[in-house]
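Counting starts at 1 for both ligands and their atoms, in listed order.
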Amino acid sequence: MKIDPWSSTIYQDYTRLRDEFGIEEFSEDLWVDLPKPHKLLRRGVIIGHRGFNQIKQSIVNKKPWAILTGLMPSGKMHLGHKMVIDEVIYYQSLGADINIAVADIEAFATRGYTLKETKKYALEEYILNYIALGLKAKKCRIYSQSEHQDVKDLAYILGKKINWSQMQATYGFNGSCNMTHIFSPLIQTGDILHVQLDKFGGPRHTLVPVGVDQDPHIRLSRDVSQAHRLYNVTVTKDNKIGVFVKTDDKVEVLLNNAEKILNTLNFLKLKRITDYKAIYINDAVEDDIPEIDETFAKLEVKLGGYGFFQPAATFHRFMTGLTGEKMSSSKPESAIFLTDTPQDAKKKIMNAKTGGAVTLEQHKKHGGKPDECVVYELFLYHLIEDDHELHDIYASCKKGTQMCGQCKKYAAELMEKLLLNLQEKRKTPKDQIKKYIS
Ligand code: TRP
Ligand code: SF4
């Protein structure tokens with residue numbers, strides 16, 4: 001199995017996907033204790049994660065942490081794109097600083113748009129919708145890849161530790177791929193890691209909320225972040241906690257500094273073996289590793305390194321399109337766009353593929369299948385906040401007391417409210433947009 005971020009595959013079997021790629025399940029213990037868990041977290045729309053535990057710790061311990069995500073400004077924004085921004089807005093309410101990339105280089109490289117076109121989409125479509133959906137300007141930065149020199153420089157530099165075999169294995173690139181496309185994952189890695197440069201807040205935990213198709217970029221970014229570290233803090237084969245210097249120059253200096261730092265952290269039983277470029281910490285346990293590692297990351301910056309924390313990610317499942325395939329801008333009947341009129345949206349909903357039985361009689365007798373129903377998905381992802389109300393619809397559908405006609409009409413009503421509200425809120429004055437853009 002391969003994940004291709006640029007295809008329009010829909011992934012159905014999320015358990016298999018997790019197993020195959022080592023994505024962890026986004027289990028309840030990760031979100032129940034968060035303040036007012038968002039419906040996308042509560043309802044299993046987030047199906048997996050990498051490294052979310054560290055984000056949770058940052059929230060609980062009130063340490064600074066960041067969100068970085070991005071969208072390609074290609075065409076119109078639909079309900080599938082809205083999910084990411086809904087997540088971002090939730091995390092903003094928990095105190096994260098927000099960074100959103102307008103992925104114009106990627107849209108240029110992979111979708112064939114010009115940078116002039118992407119600029120127009122970004123300003124007139126995407127950013128207006130982010131604001132209308134409720135994104136606040138405070139502690140929020142929206143930037144374009146093509147206009148961000150630090151991101152592009154970092155992409156170039158990070159490439160030093162990525163080789164062609166790795167790119168082929170990760171993305172299936174071959175001899176006929178153009179270089180701009182091949183380079184675009186490095187730009188995304190630059191997006192993800194640049195927020196940890198000193199200029200943008202320094203090393204800290206960063207969460208990247210994305211669709212599961214983005215996992216190859218996440219793996220690449222996590223690998224690269226580690227490859228650029230000067231120290232590695234880890235458990236050895238014989239169950240010791242050790243700090244290892246990863247470079248070949250200035251080993252003595254790095255070990256001296258490591259010893260000092262460990263002493264300030266109150267680890268005193270140290271054994272240094274310069275030949276192994278190692279310090280073993282005999283009075284540390286495995287649970288101490290995250291704290292030790294974070295301290296070393298910050299030290300690295302002072303010694304001329306990057307000190308990247310490994311970025312975390314959550315993966316959401318995709319919305320099914322109203323026609324039953326993937327929701328996609330290139331198939332307008334499959335998607336509800338945030339700029340659709342309520343009448344357009346109603347028409348699409350009325351024609352949607354439901355999980356209802358073939359005849360009304362059978363539906364009444366055997367019930368419907370809400371798990372296979374795109375109208376139910378609309379309620380679940382976007383239209384109904386109250387878990388009880390949602391559950392009632394689920395139960396009555398299964399019992400056969402709720403009819404598809406009723407459901408569709410209700411969905412269209414709620415959608416009308418949502419769309420009219422956005423329409424109103426998109427009338428953001430230009431000077432307000434400026435506060436978001438860097
Ligand atoms: N590749 C993402 C997409 O296809 C967009 C993107 C660019 C992104 N840079 C990012 C997503 C950084 C998350 C983090 O939509
Ligand atoms: Fe879907 Fe509602 Fe029909 Fe059930 S009754 S299948 S939830 S539209």
Side-chain angles (χ1 to χ4, degrees), residues 3-8 66-75 77 80-81 83-85 87-88 98-111 118 126 142-146 148 151 155 171 181 184-195 206-218 220-221 311-316 318 320 322 329 349-350 352-358 360 362-364 366-380 383-384 390-412:
I3 301 180
D4 177 353
W6 300 286
S7 82
S8 57
I67 287 283
L68 178 293
T69 191
L71 285 172
M72 277 197 254
S74 53
M77 192 170 163
H81 304 125
M83 281 198 275
V84 182
I85 303 302
E87 288 174 56
V88 167
I98 305 299
N99 305 270
I100 304 178
V102 172
D104 57 351
I105 292 187
E106 187 183 0
F108 169 75
T110 67
R111 296 274 165 88
T118 54
Y126 283 76
I142 302 175
Y143 69 90
S144 297
Q145 290 175 326
S146 71
H148 203 319
V151 167
Y171 296 101
H181 187 162
S184 73
L186 274 78
I187 298 277
Q188 181 150 346
T189 306
D191 285 328
I192 292 172
L193 294 176
H194 92 280
V195 298
T206 308
L207 176 67
V208 187
V210 278
V212 69
D213 67 329
Q214 298 292 301
D215 186 50
H217 302 312
I218 300 300
L220 185 71
S221 304
T314 56
F315 303 105
H316 59 74
F318 283 107
T320 317
L322 295 156
S329 310
I349 293 172
M350 287 311 192
K353 192 174 159 286
T354 71
V358 186
L360 200 60
Q362 280 179 339
H363 188 90
K364 280 185 184 159
H366 303 295
K369 294 182 180 148
D371 295 309
E372 294 168 25
C373 176
V374 301
V375 178
Y376 184 75
E377 262 187 54
L378 292 176
F379 293 139
L380 181 99
L383 298 176
I384 295 180
L390 186 72
H391 183 261
D392 284 348
I393 294 181
Y394 188 90
S396 353
C397 168
K398 284 211 124 171
K399 260 193 294 181
T401 52
Q402 173 97 2
M403 301 300 138
C404 297
Q406 275 173 298
C407 255
K408 286 177 166 177
K409 256 179 84 188
Y410 186 44

Can you tell me how far apart CG (Leu68) and CG (Leu207) are? Round to the nearest 0.5 Å. 9.5 Å
Restricting to side-chain contact (heavy atoms from CB on, under 4.5 Å), what partner residues turn up for Gln145, sequence neighbours left out? Ala103, Asp104, Ile105, Glu106, Ile187, Asp191
When the aromatic ring centroids of Tyr171 and His181 are compared, is their separation below 6.0 Å? no
Report the protein N/O/S neighbours of atom 3 (Fe) of ligand 2 that fall below 2.8 Å; do not count waters. Cys404 SG
Kindly write out the residues that satisfy side-chain contact (heavy atoms from CB on, under 4.5 Å) with Gln406, not counting sequence neighbours, or none if the list is empty. Gln402, Met403
Judged by modelled atom types alone, do Tyr394 and Asp371 share a side-chain donor-acceptor pair under 3.5 Å? yes
Measuring only between side-chain heavy atoms, which start at C-beta, is Phe379 closer than 4.5 Å to Ile393? yes
Close side-chain approach of Asp215 and Asp213, heavy atoms under 4.5 Å: no
I want to check something: taking the side chain as every heavy atom from C-beta on, are Leu390 and Tyr376 in contact at a cut-off of under 4.5 Å? yes
Using heavy atoms and a cut-off under 4.0 Å, could you grab the residues that are in contact with ligand 1, chain by chain, numbers ascending? Leu68, Thr69, Gly70, Met72, Ala103, Glu106, Gln145, Gln188, Asp191, Ile192, Val208, Val210, Gln214
Trace of the side-chain contact (heavy atoms from CB on, under 4.5 Å) decision for Met77 with Ile85: CA-CA 11 Å; Met77 192 170 163; Ile85 303 302; 3.8 Å; yes
